[in-house]
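Working notes, structure below.
FYI, side chains are in, hydrogens and waters are out, and symmetry mates aren't considered; it's all heavy atoms of this structure. Treat the numbers as computed from the prediction; the structure is a model and nothing was measured.
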Amino acid sequence: MVVTEDSAFAHLDPAYRRFAALPDDARIDWIRADRWIGFDQSKVVLARLENLLAYPPRDRMPCLLIYGDTGMGKTKIVRKFERDHPPKFNQITGVDYRPVVVAQVPSEPIERDLYRELLVSMAAPAMAGGTLAREKDICRALLRTVGAKMIVLDEVNGMLAGTFRQQRIFLNALRFLANDLRVPLVCAGTDLARQALLTDAQLAERFEAFHLKPWQNDAAFAGLLKSFERILPLREASDLISAEARERIHKLTSGVTARIFRLIETAAEEAVRAGKERLDAHSFGDNLVLPLVSMTQTARRRGKPAQQQVGA
Ligand SMILES: Nc1ncnc2c1ncn2[C@@H]1O[C@H](COP(=O)(O)OP(=O)(O)OP(=O)(O)O)[C@@H](O)[C@H]1O
Ligand SMILES: [Mg+2]
């Protein structure tokens, strides 16, 4: 048998072994790059979304709310689902067929901005000076033309930034979209999004809610850490799932997905730079340049007053 460079990195998934052979700079770039890692909760949500997408049109379509703290991975899931159902160009009609239309709720809940966001996400040219009614009509017509089978609105918590009156109008617009197009509406946002939807009894009844919970130090968490061990381009086998490593990572990140990813990526980068080439409980020492949130945790453990938490 020919021994290839690949078999040298048996601790990695076969598809990722070649990255471990790259020079340090390229490996650091790889570690820093955006990627998708599937984990238990995210897979459950994706399966639910698939299920909704296949739902036949009916008068009262089921809707889904994905809610959880900031940094839990809601936008990541939505974007992954969008990539799984990309637009396809239709030769006959000359338009993109777009099963999943994803838009962000504008930072202020203005109905017109919602239609504009939706139009932009369908790659429609900007419309100047239309009336609200006209923009609504065009948005609706275009959603039909592109064959939208699901509308996903991210950052729904932004709705609460408006006045009570604005919120009511906005909720009405959402209700209208869901009823009129007979497609499932998916909303994502923090717990505030849930509270906002609950203020509309009719919508609340239609929404099934999925809570993306912070990680516990359990088997699912060990599974996530295992996935990291199998893909990070480090040349030696890491040990992230020893009780000590798990506990340390969990403590430093409070189980928030974004923090876990940042912490491990930072430590992996350091392991490449320092030539250590593996991660274990000691990789997360106090000398590591950690994300700010983790530093507040470290300070707390040492008995210093905790600093104010800054973003996630
Ligand atoms: N499945 C995943 N694969 C890879 N990275 C992820 C995943 N989920 C979360 N992350 C990491 O966590 C970060 C935050 O995720 P995301 O933006 O989806 O959070 P969010 O729940 O939408 O937060 P917010 O409420 O602030 O919008 C991402 O930038 C990424 O680094
Ligand atoms: Mg988000």
Side-chain angles (χ1 to χ4, degrees), residues 33-34 36 46 49-50 52-57 59 61 63-66 74-163 165-189 193 196-197 200 203 206-207:
D34 215 7
W36 163 262
L46 285 173
L49 288 171
E50 287 293 347
L52 275 181
L53 191 66
Y55 218 86
D59 285 338
M61 290 302 285
C63 298
L64 178 69
L65 168 71
I66 306 162
K74 304 175 293 289
T75 303
K76 272 280 187 186
I77 293 174
V78 165
R79 293 294 170 197
K80 165 79 172 129
F81 190 69
E82 190 185 21
R83 281 199 304 281
D84 288 347
H85 300 278
K88 283 192 206 81
F89 184 70
N90 185 326
Q91 297 280 0
I92 299 164
T93 57
V95 289
D96 274 342
Y97 168 75
R98 196 179 291 265
V100 178
V101 176
V102 180
Q104 275 216 355
V105 167
S107 49
E108 220 188 320
I110 296 173
E111 191 183 358
R112 176 180 293 223
D113 289 349
L114 172 68
Y115 300 133
R116 288 193 178 157
E117 288 285 338
L118 283 167
L119 287 168
V120 168
S121 52
M122 290 182 283
M127 220 174 64
T131 60
L132 172 63
R134 184 158 157 67
E135 279 186 72
K136 182 177 180 175
D137 280 349
I138 290 181
C139 185
R140 214 167 66 183
L142 200 59
L143 282 164
R144 287 215 174 89
T145 312
V146 302
K149 284 208 173 127
M150 177 184 283
I151 300 174
V152 186
L153 299 176
D154 196 4
E155 307 274 334
V156 174
N157 41 290
M159 196 160 70
L160 286 182
T163 62
R165 194 180 122 76
Q166 276 178 321
Q167 290 177 33
R168 306 261 47 98
I169 296 174
F170 202 81
L171 284 165
N172 272 336
L174 293 191
R175 182 138 38 82
F176 174 81
L177 278 178
N179 287 344
D180 182 62
L181 293 159
R182 305 210 300 167
V183 298
L185 187 61
V186 173
C187 292
L197 284 177
D200 185 298
L203 274 177
R206 189 172 311 184
F207 271 86

Closest non-hydrogen atoms of Lys74 and Ile66, given as atom of the first, atom of the second and distance, are CD-O, 3.8 Å
Distance-only donor-acceptor hits, side chain of residues 96-109, under 3.5 Å, sequence neighbours excluded:
residue	atom	partner	partner atom	Å
Tyr97	OH	Lys149	NZ	3.4
Arg98	NH1	Ser121	O	3.3
Glu108	OE2	Gln166	NE2	3.2

Taken in chain and number order and not counting sequence neighbours, the residues that satisfy side-chain contact (heavy atoms from CB on, under 4.5 Å) with Ala196 are Met159, Leu160
Side chain to side chain contact (heavy atoms under 4.5 Å, CB included) evaluation trace for Thr145 with Met122: CA-CA 10 Å; Thr145 312; Met122 290 182 283; over 6 Å; no
Which side-chain N or O atoms in residues 82-89 pair as donor and acceptor under 3.5 Å with protein atoms at least two apart or in another chain?
residue	atom	partner	partner atom	Å
Glu82	OE1	Arg79	NH1	2.7
Asp84	OD1	Lys80	NZ	3.1
His85	NE2	Glu50	OE1	3.3
His85	NE2	Glu50	OE2	2.8

Sequence-distant partners of Arg112, side-chain contact (heavy atoms from CB on, under 4.5 Å), two or more places apart: Ile110, Arg116, Leu132, Glu135
Enter the distance from Leu114:CG to Leu119:CG here, rounded to the nearest 0.5 Å. 9.5 Å
Distance (rounded to the nearest 0.5 Å) between Leu203 CG and Asn172 CG: 8.5 Å
With a 4.5 Å limit on heavy-atom distance, are the side chains of Arg144 and Leu181 in contact? yes
Minimum heavy-atom separation for Leu153 and Val156, please, with both atom names. O-CG2, 3.3 Å
Working to the nearest 0.5 Å, report the span between CZ of Phe176 and CG of Leu185. 13.0 Å
Between CG of Leu174 and CG of Asn179, what distance do you get to the nearest 0.5 Å? 10.5 Å
Sorted by first residue and then second, give each salt bridge (charged side-chain N to carboxylate O under 4.0 Å, His left out) pair with at least one member in residues 165-179; sequence neighbours left out. Arg175-Asp200
Can you see which heavy atom on Arg206 is nearest to which on Ala178, and at what distance? NH1-CB, 4.0 Å
Taking all atoms of both residues into account, what is the closest heavy-atom pair of Val186 and Met150, and its distance? CG2-SD, 3.8 Å
First locate atom CG of Leu49, then atom CZ of Phe81, and finally report the distance between them rounded to the nearest 0.5 Å. 5.0 Å
Heavy-atom side-chain proximity of Leu118 to Lys136 below 4.5 angstrom: no
Sequence neighbours left out, what passes side-chain contact (heavy atoms from CB on, under 4.5 Å) with Asp137? Give chain and number order. Arg140
What is the distance from atom CG of Leu52 to atom CG of Leu64, rounded to the nearest 0.5 Å? 5.5 Å
